[in-house]
Amino acid sequence: MHIAIFMDYHPTTLGGVQTAVAALCRGIERAGHRVTLFVAPLAGRAPADDSPNVVTLEPISSVVNGFPVVLPSKRNAALIDAAFAERGPVDVVHTQTTYGVAIAGMRAARRHGLPLVHTAQSRDDTFIENNSPAPYFAALAMRSLHGRFVSHDGQMPHRPQEVESRAARHAWRTMVAQAQVADHVITPTRHFADLMLAHGLTKPLHVVSNGVDDDLLDALARTASTAPTVFAQPDARLRLVWSGRMSADKRVLEAIDAVRRVENCVLEVYGEGELHDVAQRLVDEYRCGDRIRLHGRVSQAEVLAAMATADALLLSSASSDTQSMVLLEAVAVGLPVVYCDPALGETVPTGGGVRTADASPEAIAATLADLAADPAARSAMRAALDAHRDSVRQSRQVEAAVAVYRKAVDEAAHAPELPLPRSLSEVPTAPGRLPLVGHGVRSLLDAPGFVTPLSQLGPIVRVYFGQQTGYLLTTPDLVREVGLGAAQLNRDDLREAIEDVAGGSVNVLRGAEHKQRRRMIAPALRQTRLVEYTRSAADIAERWSAGLPAGQRVNLMDEVHGLVLDTVSSTLFTASFSDTARREIRDNVPWLLSQVIVRTALPPQVRRLRVLANYRWRKKAGHLRAAIGDVVSEYRRRDEDFNDVVSALIRHTDPETGETLSDEHIIDEAILMLAGGVGSMASLTGWLWHEVMRRPDITERLYAELDVVIGSGPVSAEHIGKLPYLKQVVSETLRFWGPWISAGTADGDTEVGGIVIPDGAAIMFSPYMIQHDKRYYPNPEVFDPDRWSPERADEIDKKANLSFGVGRRRCMGDHFALLEITLASAAFLARWHPTADPKYVVRASNRDFVLSPSAIPVTLRAR
């Protein structure tokens with residue numbers, strides 16, 4: 001295999017992650033695999049100095065903790081892509097850190113369709129708390145920057161503040177978010193795995209220990225070299241080694257303080273960092289230069305040699321190490337360990353070390369004094385370690401790491417390769433079919449639960465609605481093959497179900513008639529007309545928002561239905577003589593629309609049994625058509641252009657045929673537009689508000705943008721282009737709550753995916769299902785507006801964006817729908833802070849082909 005490893009440090013810098021990754025790379029290569037290592041550069045060093053298997057990415061000018069900062073920029077994406085192309089196919093991407101280089105690796109994996117493994121190595125929470133002068137703001141800034149590229153919207157279990165600070169919680173959000181985007185996650189220890197799970201990680205998790213490089217250990221055995229020391233004569237005192245990065249979380253100062261308290265104890269300190277000078281001053285202040293010496297940075301081989309001649313390793317860190325490479329090195333050379341952190345006992349072999357009573361210098365000193373006075377205890381510890389020395393070799397860990405790679409590769413290879421059926425007999429049938437009604441009842445009761453798992457059955461799945469056989473396409477390629485190809489579909493079943501209301505509208509026409517009707521409607525939805533509609537929609541949204549009652553409980557779904565009905569009806573006909581029609585629309589459209597999905601899902605023979613519902617259906621349909629018909633007749637009599645949809649429809653003549661739309665045709669199209677407004681725009685707007693209220697981070701960003709752009713208002717059409725984050729939220733709402741089903745009937749035998757679907761069978765697809773498929777959207781069950789940001793645009797498979805359909809049946813009102821949802825949300829959220837009823841659970845109901853929130857009860861507070 002060829003593994004691309006991404007790490008936010010240069011491999012020659014000092015640190016446990018760097019040491020672990022270097023050993024892993026050599027272990028992988030020793031096992032016969034290839035590695036390309038993508039890293040941050042060394043400060044002040046050109047990339048050309050790197051080893052052949054190292055690719056250095058370009059940093060920005062900032063340096064944090066001595067390390068150059070790399071962002072997942074387009075330039076770095078190009079460098080990665082070029083390296084992938086030059087070095088041959090990559091099988092798996094393995095990220096080892098949390099920041100820019102790792103994010104670039106994650107995005108490369110998604111861009112190239114590769115499996116992604118992530119190793120969570122570091123306790124960023126304790127590092128920030130121990131090393132930052134303002135931990136909360138540092139953790140918040142880190143999370144904010146990280147969240148621009150990786151979703152932080154997953155649920156994290158609550159932990160009391162006395163257990164975990166706010167700064168630590170922000171850091172954990174970042175750590176878990178980075179792991180959550182991977183296909184498989186590795187931690188070096190079980191205790192750290194448990195912490196990841198406790199903070200909300202849900203991805204497959206493997207515990208694979210880090211290891212010490214075999215070549216170094218073999219060289220140490222061959223040379224039997226001794227560690228450098230200032231003590232010329234053999235010394236009976238307890239000889240200790242401390243090694244690591246000299247930072248506050250490693251507690252080197254506490255180690256020095258403890259050793260100075262024990263006279264028959266000496267300490268060799270290896271490492272560098274921001275506390276080096278402080279540590280040296282402390283040694284001088286304690287006048288312990290004859291017993292404590294700081295060697296600065298040395299090679300790993302020199303540290304191992306020093307350990308080989310010492311009596312014990314002093315590991316003074318507490319709650320900051322996930323495993324500690326220094327601890328593994330001590331085990332590898334059989335060196336007893338004195339440690340403070342109970343969690344590290346997982347890595348210390350039984351009997352191979354001693355834990356201090358607590359992490360204070362006094363407790364460490366007491367343990368060291370006991371150990372110095374008891375040579376037999378040290379000998380017993382060495383004897384206990386002898387059986388474990390080879391267990392920490394990297395060669396012992398590589399097999400487990402490679403097994404994770406293989407699992408990820410196998411899953412990636414098999415998940416998208418559900419074979420196309422070779423004949424109709426091979427098409428699987430969806431589970432849960434009932435006699436007579438087929439899958440109709442189940443789909444009505446739980447549309448998302450019905451359609452979402454069907455993609456796991458295959459690219460084409462058979463479903464039944466009554467006696468009607470349907471074939472559900474579960475991949476965007478097949479959907480586009482039908483939508484953009486030569487296949488002819490009709491919607492005769494839908495036409496028959498809605499005949500009394502809008503049976504002649506464009507969405508149910510077929511062939512040449514459908515094509516001509518789309519051509520004749522198009523002028524009403526041209527950009528010049530949309531400009532007028534948008535101004536009208538902005539005014540209506542502003543008046544609606546201003547009229548909402550402060551401090552009172554309202555159902556936002558009732559409110560948004562009224563808003564959308566007013567907006568669409570005003571867009572249809574602006575003339576004052578249409579007030580009666582608007583009242584009929586408010587009274588009849590919502591109920592009629594709620595019946596469409598039921599009438600379509602039920603077979604005709606069952607539908608005919610609904611005598612009372614059918615009577616009510618025909619009566620309301622008649623009232624609605626009559627009211628709109630009166631308006632159309634008055635438009636024709638006045639013969640004026642009121643800059644609305646009906647004016648455009650009446651006055652347009654088809655240039656190809658010379659035909660105009662009849663009154664009945666215009667009524668059909670007007671009702672279709674009204675139904676689309678209530679069924680799609682209102683539901684999607686409600687979902688947007690619901691999702692925003694559930695997520696304070698999104699709410700705060702939206703409010704900040706609205707305050708800058710709109711301020712105290714009023715909302716206007718000109719604001720739309722200045723609200724990029726709101727547009728991202730709209731796009732994510734469309735993805736997350738896209739239509740659960742779209743269907744047509746094969747008009748003749750139709751070839752799809754190499755098989756022939758017979759005449760009269762339904763051919764369907766579910767935007768909701770495809771847009772919740774992890775093959776096309778990373779973490780599809782996370783509501784993540786930032787997936788639509790320019791920085792993350794390459795994560796999205798654009799073929800899988802199907803909310804408005806594709807090809808000849810694509811929704812003609814998509815642009816107006818986006819404008820209306822954006823304006824309604826801007827007007828509402830710029831003025832109000834809604835508080836959801838904590839006792840009410842919002843549920844998705846099948847009122848239409850777009851799922852609708854059952855209700856959204858809130859209390860409104862003015863912002």
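No hydrogens, no waters, no symmetry mates; every other heavy atom, side chains included, goes into these values.
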Could you give me the CA-CA distance, side-chain angles and deciding distance for Asp194 and Arg190, then say whether salt bridge (Lys or Arg N to Asp or Glu O under 4.0 Å) is met? CA-CA 6 Å; Asp194 291 340; Arg190 181 71 255 171; 3.2 Å; yes
Heavy-atom side-chain proximity of Phe127 to Ser320 below 4.5 angstrom: no
Verdict with supporting geometry, Val55 and Val39, side-chain contact (heavy atoms from CB on, under 4.5 Å): CA-CA 6 Å; Val55 177; Val39 299; over 6 Å; no
Does the Arg75 side chain pair with the main chain of Leu57, one donor and one acceptor, at a distance under 3.5 Å? no
So does Asp218 pair up with Arg222, basic N to acidic O under 4.0 Å? no
I'd like to know if the side chain of Ser132 and the backbone of Ala134 have a donor-acceptor N/O pair within less than 3.5 Å. yes
Separation between CG (Leu275) and CD (Gln280), nearest 0.5 Å, reads 13.0 Å
How long is the span from the CG atom in Leu335 to the CE atom in Met307, to the nearest 0.5 Å? 6.5 Å
Can you tell if the side chain of Val93 reaches within under 4.5 Å of the side chain of Ile5, non-hydrogen atoms only? no
Using a 4.5 Å cut-off on heavy atoms from C-beta on, say whether the side chain of Leu145 contacts that of Tyr99. no
Counting heavy atoms not belonging to Glu362, are there more than 12 under 6.0 Å from its CD? yes
Kindly say whether Glu58 contributes a backbone atom to a donor-acceptor pair with the side chain of Asn76 at under 3.5 angstrom? yes
So which heavy atom on Val208 is nearest to which on Ala401, and how close? CG1-N, 4.0 Å
Before accepting this row, confirm whether a basic side-chain N of the pair Asp311/Arg237 lies closer than 4.0 Å to the acidic partner's carboxylate O. no
Main-chain N/O of Val70 paired with Asp8 side-chain donor or acceptor, under 3.5 Å: no
Ion pair Asp125/Arg169, N-O distance below 4.0 Å: no
Pro336 vs Val354 side-chain heavy atoms within contact, under 4.5 Å: no
Between Arg30 and Asp214, does any side-chain N to carboxylate O distance fall below 4.0 Å? yes
Between the side chains of Thr19 and Gln300, is a donor N or O closer than 3.5 angstrom to an acceptor N or O? no
Is His199 reaching over with its side chain to a backbone N or O of Leu195, donor-acceptor style, under 3.5 angstrom? yes
Taking the six-membered ring for Trp, are Tyr405 and His94 parallel (under 30°), tilted (30 to 60°) or perpendicular (over 60°)? perpendicular
Any side-chain heavy-atom pair of Leu313 and Val338 under 4.5 Å: no
Arg281 bridged to Asp284 by N-O distance under 4.0 Å: no
Looking at Lys203 and Gln180, would you say the former's side chain and the latter's main chain have a donor-acceptor pair under 3.5 Å? yes
Any donor-acceptor pair under 3.5 Å linking the side chain of His276 with the backbone of Met246? no
So Asn131 and Glu274, do their side chains get closer than 4.5 Å, heavy atoms only? yes
Walk me through it: do Val283 and Leu294 pass the test side-chain contact (heavy atoms from CB on, under 4.5 Å)? CA-CA 9 Å; Val283 171; Leu294 279 55; 3.9 Å; yes
Closest heavy-atom pair and its distance - Pro188, Ala120: CD-O, 3.4 Å
Answer yes if the side chains of Ser209 and Gln323 hold a donor-acceptor pair under 3.5 Å, and no otherwise. yes
Leu267 backbone acceptor or donor facing Arg291 side chain under 3.5 Å: no
Candidate list Lys250, Arg123, Arg245, test salt bridge (charged side-chain N to carboxylate O under 4.0 Å, His left out), partner Asp321, passing option: Lys250
Once you round to the nearest 0.5 Å, how far does CZ of Phe149 lie from OG of Ser789? 8.0 Å
Candidate pair Thr174 and His146, rule side-chain hydrogen bond (donor to acceptor under 3.5 Å, both in side chains), full reasoning: CA-CA 7 Å; Thr174 304; His146 190 268; 4.8 Å; no
Value for CD (Glu268) from CG (Leu240), rounded to nearest 0.5 Å, stands at 9.5 Å
Within the 4.5 Å heavy-atom criterion, are Ile3 and Val90 side-chain neighbours or not? no
Would you sort out whether Cys340 and Leu315 count as a side-chain contact (heavy atoms from CB on, under 4.5 Å), showing the intermediate values? CA-CA 7 Å; Cys340 303; Leu315 193 54; over 6 Å; no
Strictly by modelled atom types, are Glu302 and Ser299 linked by a side-chain donor-acceptor pair under 3.5 Å? yes
Any ion pair linking Asp257 and Arg260 (charged N to carboxylate O, less than 4.0 Å)? yes
Under the side-chain contact (heavy atoms from CB on, under 4.5 Å) test against Leu314, which residue among Val337, Thr367, Leu238, Val259 passes? Val259
Inter-residue atom distance Leu344.CG - Asp341.CG, 0.5 Å rounding: 4.0 Å
Give a yes or no on whether a salt bridge exists between Asp124 and Arg143, defined as a side-chain N under 4.0 angstrom from a carboxylate O. no
Are the side chain of Gln18 and the backbone of His10 linked by a donor-acceptor contact shorter than 3.5 Å? no
For the NE2 atom of His295 and the CD atom of Glu272, what is their distance to the nearest 0.5 Å? 14.5 Å
Is any side-chain heavy atom of Met196 closer than 4.5 Å to one of Trp172? yes
Between Ala23 and Gln394, what is the shortest heavy-atom contact and its length? O-CG, 3.2 Å
To check you understand the geometry: which heavy-atom pair defines the closest contact between Arg389 and Val331, and what is its length? CG-O, 3.4 Å
Is the side chain of Asp358 donor-acceptor paired with the backbone N or O of Ser360 at a distance under 3.5 Å, no angle test? yes
Minimum heavy-atom distance between Ala258 and Ala365, given as atom pair plus value: O-CB, 3.6 Å
Over all atoms of both residues, closest heavy-atom pair of Gly244 and Leu14: O-CD2, 4.1 Å
Might you work through the side-chain contact (heavy atoms from CB on, under 4.5 Å) test for Asp390 and Arg396, ending with a clear yes or no? CA-CA 8 Å; Asp390 284 345; Arg396 296 291 185 92; 3.8 Å; yes
